[in-house]
**Student:** 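This is the structure, below, for whatever I ask next.
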2 protein chains.
Amino acid sequence: MAKPKEVTIYDLARKLNVSIATVSRALKDDPVVSKKTKKKIFDLAEEMGYRYNHFARNLREQRTYTIGVIVPRLNSYFMSTVIAGIESVVNNEGYTLLISQSSESAGKEVDSAKTMFNNRVDGLLVSLAYETDDLAHFDQFVKKDVPIIFFDRVADHPDGTSVLIDNRKGAYESTSHLIAQGCKHIVHITAPPKRNVYVDRLAGYKQALADHHIPFDEKYILINNLSQEAGAQAAAAILQMNPLPDAVFAANDNCAVGCMVALKKAGIRIPQDIAFVGFNNDPVSTVVEPNLTTINYPGYKMGEMAAASLINHLNGVNSIDATNTILLRSELIVRASSLKTTSDSE
Amino acid sequence: MAKPKEVTIYDLARKLNVSIATVSRALKDDPVVSKKTKKKIFDLAEEMGYRYNHFARNLREQRTYTIGVIVPRLNSYFMSTVIAGIESVVNNEGYTLLISQSSESAGKEVDSAKTMFNNRVDGLLVSLAYETDDLAHFDQFVKKDVPIIFFDRVADHPDGTSVLIDNRKGAYESTSHLIAQGCKHIVHITAPPKRNVYVDRLAGYKQALADHHIPFDEKYILINNLSQEAGAQAAAAILQMNPLPDAVFAANDNCAVGCMVALKKAGIRIPQDIAFVGFNNDPVSTVVEPNLTTINYPGYKMGEMAAASLINHLNGVNSIDATNTILLRSELIVRASSLKTTSDSE
DNA sequence: TTGTAAGCGTTATCAA
DNA sequence: TTGATAACGCTTACAA
């Protein structure tokens with residue numbers, strides 16, 4: 001039942017007839033201790049199976065070398081790529097990641113924040129849930145000077161740094177592309193416009209319409225949770241419209257795909273009857289037929305940037321307060337789902 | 001620069017003229033302290049913004065209330081469901097999760113294990129990477145009596161508990177189903193047969209062939225990393241076969257889908273020319289056309305079972321050593337991709 | 001019902 | 001180059 005006893009620096013010190021101070025210094029490779037003693041200490045540590053106790057250090061240093069990550073969901077291609085990017089930089093810097101998914105629920109996000117807070121993360125990387133209205137659960141971090149960096153779904157917290165793409169521009173390009181294909185009645189499927197990404201995509205959509213003298217029509221805006229199933233339900237709504245729209249711009253690929261599948265089942269031809277553009281360049285966009293035109297954006301890079309920026313903050317390398325928004329490049333990838341004019345594209 | 005000072009039990013004790021022992025007891029709702037003092041203490045803690053210091057406790061109690069999770073990848077529907085299941089039980093029990101992805105690399109798995117070890121997780125939940133041969137990186141945990149539970153991709157570590165499905169049976173059913181559809185030349189796409197899931201699926205495939213007097217042919221076994229791209233490459237290999245096989249049983253849906261898409265592009269009709277069965281019931285299986293027949297299995301449940309079992313271990317509720325393998329139910333979901341006989345199915 | 005005090009394994013200051 | 005020692009904030013005998 002009793003755990004095997006842990007080896008501590010006291011044990012090493014005793015065996016070697018040196019002080020724990022020397023052992024401690026040697027273990028962190030302090031140049032002040034002689035090569036010879038260092039070697040002895042390293043060897044003995046190895047031999048006795050010593051392992052460093054993070055908690056003693058945390059207690060002593062008042063920091064944890066842990067970074068919290070709160071994301072809406074783990075299960076998207078995009079998100080797992082972002083996390084891989086984050087891991088690549090934080091691991092290099094000796095930090096550990098505490099990851100939690102809010103499952104798009106404001107309540108779970110609050111809980112996650114509390115867990116992070118109690119675990120005294122040194123910093124926080126956050127992408128907000130759809131639902132979240134109130135950002136009060138982040139105040140506690142601000143109060144303790146724990147830096148927070150938002151990525152993708154960001155907050156307009158005054159002191160927050162953000163890493164994201166120009167969603168407005170992406171949406172503008174998508175919509176303009178559809179217009180260039182001759183579409184005039186363009187449905188936009190999106191999530192409740194609480195998050196910047198959806199607000200901005202909607203704005204880009206409207207701007208493109210306006211710039212091409214197409215009147216904006218509220219009834220073409222469909223709001224749901226952007227799941228594949230929600231896409232199928234959106235299809236039902238679209239089929240009720242009269243006249244039928246000639247294009248759909250969905251705020252993510254999953255939803256676009258669910259919608260396309262359902263419409264096709266109802267006999268709609270894509271892109272001839274209704275053209276489609278999604279967002280994210282999820283792998284599913286190359287499975288659905290026709291392949292989905294979408295906006296590609298760099299998840300891995302986004303993770304790297306967010307993490308690097310956070311770690312700079314932690315190290316006091318406050319890379320000029322001016323750069324508190326980092327904008328990454330995104331691009332429209334045109335595939336068959338939106339090409340009304342030519343048909344030889346793959 | 002300096003962090004605002006943290007409030008400790010000493011501060012609370014001083015203000016209230018009680019001892020730190022009383023404060024400590026009150027804070028954990030010890031029945032021995034009077035309701036009145038408790039209330040005073042709780043109120044003051046709230047008011048002064050006290051937060052509990054896990055590290056001091058960890059240091060003192062020699063445990064961390066943290067559970068490590070190592071998975072091959074975060075980005076599958078299956079895995080994120082498993083994690084949601086795990087979260088649901090551990091959070092309830094007051095544990096925190098340390099999650100890490102090995103990205104299917106043995107090296108990263110070793111690193112993750114080291115991180116977990118150094119963070120002194122109380123227990124470990126693991127699903128192995130493709131590549132992992134040697135399980136020595138888990139020995140350190142065994143040596144320290146840290147319980148490990150494997151799920152899905154399990155190890156035959158003698159003392160390990162495992163939670164998984166009957167992969168052999170799933171594969172047997174899939175293959176038998178294809179045979180019932182009249183298929184005789186069935187390709188099996190799988191990962192290197194190091195992991196139980198792939199070994200067992202291969203065994204189930206072989207068994208089904210044998211039971212139906214179909215000779216096993218080595219050239220029908222295609223080994224790759226089961227990604228969507230790998231599926232496309234497998235398609236190229238399949239197109240070289242002469243005669244063409246009449247069915248494919250892939251060890252996951254992503255790979256099946258990549259393969260189907262590529263074959264269709266080459267003019268192969270599915271299921272008429274080649275029927276398909278996948279594994280996992282990933283959402284993509286209802287996007288690809290025709291919809292993919294697959295094996296459904298309960299990720300959320302698997303996460304719950306693994307976590308509950310681990311926590312029982314930690315609490316000493318050693319639910320009989322006999323039950324060191326928990327088998328969950330799986331089921332074949334028949335969709336159009338495998339139906340050669342009828343064509344009216346959706 | 002409450003208090004005293006030792007101990008958990010580090011780091012860092014000061015002195016030698 | 002090394003050592004002695006005081007924190008860091010908590011839990012828990014044991015005593016009162």
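Please read these numbers as outputs of a predicted model, since none were measured by experiment. Residue numbering restarts at 1 for every chain, and letters A, B, ... go by the order of the sequence lines.
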**Student:** Less than 4.0 Å between a side-chain N and a carboxylate O, is that true for A:Glu131 and A:Lys108?
**Tutor:**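 Here A:Lys108 does not pair with A:Glu131 in a salt bridge, since their nearest N and O are not under 4.0 Å apart.
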
**Student:** Closer to the 5' end of DNA chain D via nearest nucleotide, is it A:Ala21 or A:Pro31?
**Tutor:** A:Pro31

**Student:** On the ring face of B:Tyr65, is B:Arg63 found with NZ or CZ under 6.0 Å from the centre and within 45° of the axis?
**Tutor:**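 So B:Arg63 does make the cation-pi contact.
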
**Student:** For a quick check of understanding: with a heavy-atom distance under 4.0 Å over all strands, which category does B:Asp11 fall into, base, sugar-phosphate or nothing?
**Tutor:** nothing

**Student:** Find the distance A:Lys38:NZ to D:dT2:P and express it as a whole number of Å.
**Tutor:** 10 Å

**Student:** Of all the choices, C:dT1, D:dA13, D:dT1, which nucleotide is nearest to the side chain of A:Ser34 once you look at every atom?
**Tutor:** D:dT1

**Student:** Would one find a side-chain N or O of A:Thr22 under 4.0 angstrom from OP1 or OP2 of D:dT2?
**Tutor:** no

**Student:** Can you measure A:Ile41 atom CD1 to D:dT2 atom P for me and round it to whole angstrom units?
**Tutor:** 8 Å

**Student:** Taking OH from B:Tyr50 and C1' from D:dG9, how many angstroms apart are they, rounded to a whole number?
**Tutor:**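 Rounding to the nearest Å, OH of B:Tyr50 and C1' of D:dG9 are 8 Å apart.
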
**Student:** When all nucleic acid strands are considered with a 4.0 Å heavy-atom cut-off, which category describes A:Val32: base, sugar-phosphate, or nothing?
**Tutor:**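 It contacts base atoms.
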
**Student:** Does a side-chain N or O from B:Tyr10 land closer than 4.0 Å to OP1 or OP2 of C:dG3, or not?
**Tutor:**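 Checking C:dG3 against B:Tyr10, no side-chain N or O comes under 4.0 Å of OP1 or OP2.
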
**Student:** Between A:Arg63 (CZ) and C:dT11 (P), how many Å, whole number?
**Tutor:**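 A:Arg63 atom CZ is separated from C:dT11 atom P by 13 Å.
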
**Student:** If I take atom CG in residue B:Leu59 and atom C1' in nucleotide C:dT10, what distance separates them, rounded to the nearest angstrom?
**Tutor:** 8 Å

**Student:** Between B:Lys15 and B:Asp11, is there a salt bridge with N-O shorter than 4.0 Å?
**Tutor:**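 No.
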
**Student:** Would you mind telling me which residue lines up with the more 5' stretch of DNA chain D, A:Arg60 or B:Glu61, judged by nearest nucleotide?
**Tutor:**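 With A:Arg60 and B:Glu61 compared, the 5'-side residue is A:Arg60.
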
**Student:** Can you name the one residue among B:Asp29, B:Asp30, B:Thr22 that meets side-chain hydrogen bond (donor to acceptor under 3.5 Å, both in side chains) with B:Lys38?
**Tutor:** B:Asp29

**Student:** Taking only the side-chain heavy atoms of B:Asn53 (C-beta and beyond), determine which of C:dT11, D:dC10, C:dT13 contains the nearest atom.
**Tutor:** D:dC10

**Student:** Which is true for A:Arg120 with a 4.0 Å heavy-atom rule: it touches a base, it touches only sugar-phosphate, or it touches nothing?
**Tutor:**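 If one applies the 4.0 Å heavy-atom cut-off, A:Arg120 turns out to touch nothing in the nucleic acid.
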
**Student:** Minimum heavy-atom separation for B:Ala307 to B:Leu125, with atom names?
**Tutor:**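 Heavy atoms of B:Ala307 and B:Leu125 come nearest at CA-CD2, 4.3 Å.
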
**Student:** Between D:dG9, C:dT2, D:dC10, which nucleotide has the shortest distance from any of its atoms to the side chain of B:Ser19?
**Tutor:** C:dT2

**Student:** It should be established whether A:Gln62 places a side-chain nitrogen or oxygen under 4.0 Å from OP1 or OP2 of nucleotide D:dG9.
**Tutor:** yes

**Student:** Does D:dT2 have OP1 or OP2 sitting under 4.0 Å from an N or O in the side chain of A:Thr37?
**Tutor:**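 Result: yes.
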
**Student:** For the pair made of CG in B:Asn58 and C1' in C:dC8, what is the distance, rounded to whole Å?
**Tutor:** 11 Å

**Student:** In terms of the angle between their ring planes, are A:Phe117 and A:Phe141 parallel, tilted or perpendicular, with boundaries placed at 30° and 60°?
**Tutor:** perpendicular

**Student:** Distance check needed: C:dA12 C1' versus A:Lys28 NZ, whole Å only.
**Tutor:** 10 Å

**Student:** Establish whether the base of D:dG3 is bridged to the side chain of A:Arg25 by a donor-acceptor pair shorter than 3.5 Å.
**Tutor:** yes

**Student:** Across the strands shown, which category fits A:Ser24 at heavy-atom distances under 4.0 angstrom: base, sugar-phosphate, nothing?
**Tutor:** base

**Student:** Closest to the B:Val18 side chain: C:dG3, C:dT13, D:dG9?
**Tutor:**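 When the side chain of B:Val18 is considered, C:dG3 is the closest of C:dG3, C:dT13, D:dG9.
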
**Student:** A:Arg14 has an atom CZ; how far is it from atom C1' of D:dG3, in whole Å?
**Tutor:**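 The distance from CZ of A:Arg14 to C1' of D:dG3 comes to 16 Å, rounded to the nearest Å.
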
